[in-house]
Amino acid sequence: MNVAQTVPNDRIDTGELTRRLEALARFLRVTDPYLPDGDLVAAHTLVERASGRLTLSLDHTVVALAGSTGSGKSSLFNALARFKLSPVGVRRPTTGAAHAVVWGPLEPANRLLDWVGVLPRQRFVRESALDGDDEASMRGLILLDLPDFDSIERGHQLEVDRLLGLVDQIVWVVDPQKYGDRVLHQAYLSHFATHSGVTIVVLNQADRLSPTDTEVVIADLNRLLGEDGLTGAPVIASSAKQPGMLQDLRSALENTVANRQAALRRLAADLDVIGDELGAMFGPPAAEDEVDRATVRQLSESLSASAGVAGVADATAGAYRHRASAATGWPLMRGLRRLRPDPLRRLHLAEPVKTDSVSTDVVPRTSVPEADAAQKSAVGLSVRAVADRAAAPLPEVWAPALNAAARSRAGDLPDALDRAVAQTDLGLEQPPSWWRAVGILQWVLLGAAGAGLVWLILGYALAALGLPEIDGAQVGSVPLPTLLLLTGLAGGLLLWLLLRPIIEAGARRAGRRAEQRLRSAITEVGRVHVVAPVREVLNAYAQAREALGVVRSE
Amino acid sequence: MVGPSAPSAVPSASDEKQQVKAAINPSDRTGGGQVRPANLEVPPQLERLATGLTRLRAALGSVSYPLELPSADEARQVGSALAAQLDDYLLPRLSRLDAPLLVVVGGSTGAGKSTLVNSLVQTPVSTAGVLRPTTRSPVLVVHPDDLPFFAPGSGGVLPGLTRTGQSSSAPDAIQVIAAPTVGPGLALLDAPDIDSVVDHNRKLAAQLLAAADLWLFVTTAARYADAVPWETLTTARLRGTVIALVLDRVPPDAVGDIAAHLGEMLTANELGSAPLFVLPETALDERGLLPDAAIGPMRVWFAQLAEDANARFTVVRQTLNGALAALTPAADGLADAIEDQVRTARSLDERVEAAYRTARRITEDGLRDGQLLRGEVMARWQEFVGTGDLVRGLESRVGHLRDRVIAAVGGRPTPSHNLRVAMESQLVTLMRGVAADAAEQAYSAWHAHPAGEALLHPDLQHASADLPQRADRLVRDWQQWVLNLVRTEAGDKRVVARGAAYAVNGAGLAVMIAVFTTTAFIPTGLEVAAGAGSAVAGQKVLEAIFGDQAIRSLATRARAELLTRVEELLAAEAARFTGLTAAVHPEAARGTLLRQAAAEVEKAREELALTGSGS
């Protein structure tokens, strides 16, 4: 997994590194709205720093000498440069600002040093015509002499922390007195545990120890480094006072410079660290049907209840009954029916709403009563259930994002529900054709009864006046007018009675149909307002997970 | 060159310091010879001081800092350091003012503490070496005559450390070595380092330093500007410990420069009056000791200190007084931290209460405006009245029986039963909803507070798992209560009690309905007809039985009872949060106790006047 750790000679491909960095940038873009800022700061910093470093010269290697006060960083710096460039002193702390020395021409290195933040007056050029080719093997090295990190000057420590984040390779300078200091190991070395590929530990002032003691101390130092997790980093004994003891360090640096890999290796190690840190925020891939049917059904149930779907469906059935009675009832009684209100009109749902895209009509608010406290509670519970269901397989850190997403449009829900109810076609616009036929039949029957009545009255009147009777047609033994009257009245009544169960069945069917349509409209509202935002987060999770896989080069 | 070269830059302003200087600079001694401090009169105030310290120790032992606050971490450390100092130093030292002067040699790892001790006693008693840290268990070197003072169980200093005869790797062991080369009345303690990777060393060193009568701080040319030792030095100065410094391993050509710089730093840190010894880097002799030329002046200095009992006693009292004086501010700081805890706990509780107050208000509103009765409940009430069950049940026993037969034959529940199920489920849903909202609100309110966040566990995000069951139980208990209430109230109205069982049943239901409908029922939309009609019907039926006033009072009582029960339920929910801060509240009294004990110690100290001219 850790590229830098496996084999130091394993070369790191710039393209591969760029691909991983791009994946990290993509990861940050996707997760930024959802994950806590604090967890992403390190990754943001790395992306920024890496893109900065990669645009600058990769032919140069920035090596920092870091260590405690009095460990001899500056002496080592001067000894390596073979000039007295950085002030050496007995007063502690000596070096307050970073010094840099460049092997080779200053110009291309200058931009790099600007970026690292070394003051121009503290930059030196090592190479001169006098050296000949002595220093050619070091060409491309930029050596930094850092301030200490453990003295009473807090500013030094801040400067060291800043610079350690930017350099390509770190040479930790320790000395026989201080190699076991807590601040060195706990605040620094253990934090660079994954960077052993770009770390060299130098036991300086080795001339103060006998060769046997040196071996003992180096063994102990190796043990401490092992406890810090820095196994594999070379440990070199050196001394600025005796030139012979500098050779190991010098050849290690020459090696680094020749490889031109330190910058890439450093960034790769940083990416490994960040990748591992971010990996803790990811678990298994989010399932395809993250929000299952049962949860969505529960959501649409509670939304329907709060939108008053049952009431509207009942009102639809009532309206069917009302309108059917008005259309098919006994004509003389129809007027009475009209005295009672249409249940749908009372809910402001009688007028169909134009829903096509060209319509500019505003959808009017219905008069369906507002949801009560229990219904609101039920909606809250089911929205929460959607978020919880989606969050269940994911790591804890995603739960707040999912919760917030599920509720992101909660404020719009009541209006969206009302709008959905108002726009749903309840199926009562077209009165069934049989209503009309029955209506006409009722009128015919009434007409027949009327005709019979008139005939009878006329017959009585003629009889009373002593006029000759109209020659009454007879059906069997019953006179026709009487039959007309009785059949007309009885037929109308009978029809009304016969139709009642049919109308009732029709009303129930209309109620059911309306309920079905309303429910599917409401389910759609739930999908758009609750489930979709949750899916968005899950989508981001999946994308971020994929990008992180690239970052961790899995 | 070498020797007690106290930086002369700043003549000490305070009397105390001058006296210390006099005390630990044996050349200034005034004679006084061999007066053992044991012969000095022990004033009665000492008694009071000891009592005060014991009480302070007890108070320190009882306080805790349950909340994770910035002040708590510090307070825990200070608290345990104070307790350790009381146990290890103050109490034993007060009881034996005549015990030898304990010189603790402390400093950074690799500073050469062990070599220094070995050289001072001219015997390799403590292992010196190149590995860091070298010394892991402390070594105490005393004059053979003084051994009893440090014997285990003698009531001497550092009673918590096991005494061993030889070097031991056991933690909390101290190696005691008798060496006649140490003057009587002096004890040298080679302490572990204060800044190596070995955590145990650091803790032990801090414990030993707190027990020192005189701290011999050893640093080196490479180390004298390190941050960690200076922090320790500042702590010691604030505690009033008498300090002497050794600057070790100085390159011979840099002695003047470094000594001057260190002197400046000491003066800047108000330690200008502390004596400073400078030891140049030299080769060790064959026994691993510093050559006489280097260590000689220090040995002489210690020999003089050993001879001068008064000087020693002054040092002891100076450090003791400083340690006692530092107790009160430290204890006050702890009491402040406790107050901080209590304040934070209150504010956390307040957040939880606010969340659950909202829950209570929503429930109350839900019950007040009768909205719970909308929809289904209203429809079923209509069913109940419309079928005439109640009326028939009241009118005749026959009707009642017939209804029961129909219900039994038809296998369907009676309408009254339907009504109750609906109301139950609605009430339970309401309670679950408000409890879930409140839990979430309280959780996020705590989450925003660092101390609150530390207390949270994931379960608290949701209402408790058995809440639905408890809410269910609550509603059914309440219904039972209402039925009992109606039964009791109806007891002396036997006139209408011919259909008693059913009537009471129906009346109970009606009272439940009235809870929601009598107060501020505003009929809208769907239940204009149903609601208004049935409300009137329910009212009328009951008025017929009990009379108007009785109904009103029944309804009010039933509603109040329901609210009380809901409040209890929500309080139990809130207690899941407030229970986590409950441990903090008793601390307030303990903090006060701590302050009182510290004030008592301070008063006794002033009366005792350890360094005043009187004693």
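For clarity, every value in this text was computed on a predicted model and none was experimentally measured. Within every chain, numbering begins at 1; the chains are lettered A, B, ... in the order of the sequence lines, protein sequences first and strands thereafter.
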**Asked** Mind checking what makes side-chain hydrogen bond (donor to acceptor under 3.5 Å, both in side chains) contact with Q461(B), not counting sequence neighbours?
**Response**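 Q461(B) satisfies side-chain hydrogen bond (donor to acceptor under 3.5 Å, both in side chains) with E396(A), Y443(B) once adjacent residues are dropped.
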With sequence neighbours left out, write down each residue that passes side-chain hydrogen bond (donor to acceptor under 3.5 Å, both in side chains) with S75(A), or none if nothing qualifies.
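With neighbours one apart ignored, the set is empty.
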Flag the one option from [options] with the top tally of heavy-atom pairs under 4.5 Å to chain A.
options	answer
V228(B), V434(B), D195(B)	D195(B)
D193(B), D226(B), T429(B), T109(B)	D226(B)
A436(B), A254(B), P251(B), A260(B)	A436(B)
G110(B), A225(B), G433(B), G112(B)	A225(B)

Please report the interatomic distance [atom1]([X]) to [atom2]([Y]), rounded to the nearest 0.5 Å.
X	Y	atom1	atom2	value
R91(A)	D257(B)	CZ	CG	4.5 Å
T219(B)	R92(A)	OG1	CZ	11.0 Å
K178(A)	S108(B)	NZ	OG	7.5 Å
L131(B)	R223(A)	CG	CZ	8.0 Å

One pair to check against side-chain contact (heavy atoms from CB on, under 4.5 Å): D199(B) and R182(A). What are the steps and the verdict? CA-CA 8 Å; D199(B) 285 342; R182(A) 181 164 177 265; 3.5 Å; yes
* To do: Over all heavy atoms of both residues, which pair between I152(A) and W230(B) is shortest? Give the atoms and the distance, please.
  =>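 Of all heavy-atom pairs spanning I152(A) and W230(B), the closest is CG2-CD1, 3.6 Å.
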Heavy-atom pair with the smallest gap, counting every atom of L430(B) and A374(A)
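What the structure gives for the nearest pair is CD1-N, 3.9 Å.
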ask   = Would you call R249(B) and R208(A) a side-chain contact if the rule is heavy atoms closer than 4.5 Å?
value =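 Not in contact.
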- prompt: Taking C-beta and beyond as the side chain, do N403(A) and E440(B) meet within less than 4.5 Å on heavy atoms?
  reply: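 Of all side-chain heavy-atom pairs linking E440(B) with N403(A), at least one is under 4.5 Å.
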Which atoms of H462(B) are under 4.5 Å from chain A, going by heavy atoms: the side chain, the backbone, both sets, or neither?
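For H462(B), the side chain is the part near chain A, not the backbone.
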Go through the atoms of M265(B) and report whether side chain, backbone, both or neither lie under 4.5 Å from a heavy atom of chain A.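 Only the side chain of M265(B) comes within 4.5 Å of chain A.
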**Q.** Over 12 non-hydrogen atoms of neighbours within 6.0 angstrom of NE2 in H200(B)
**A.**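 For H200(B), atom NE2 is crowded (more than 12 foreign heavy atoms under 6.0 Å).
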(Q) Given heavy-atom pairs under 4.5 angstrom as the criterion, report whether the side chain, backbone, both or neither of L224(A) touches chain B. (A)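 Looking at L224(A), just its side chain touches chain B.
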So which part of P176(A) gets closer than 4.5 Å to some heavy atom of chain B, the side chain, the backbone, both or neither?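 Contact with chain B is through the backbone of P176(A) alone.
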| message | Heavy-atom pairs under 4.5 Å with chain B - which of T94(A), D388(A), D175(A), D148(A) has more of them than the others? | response |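 Most heavy-atom pairs under 4.5 Å with chain B: D388(A).
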* Kindly determine whether V197(B) and E227(A) satisfy side-chain contact (heavy atoms from CB on, under 4.5 Å), including the steps that lead there. => CA-CA 10 Å; V197(B) 278; E227(A) 281 172 15; 5.5 Å; no
Quiz item: Would you say the side-chain atoms of R223(B) pair up with the backbone N or O of Q177(A), donor to acceptor, closer than 3.5 Å?
Solution: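 Such a contact is found between R223(B) side chain and Q177(A) backbone.
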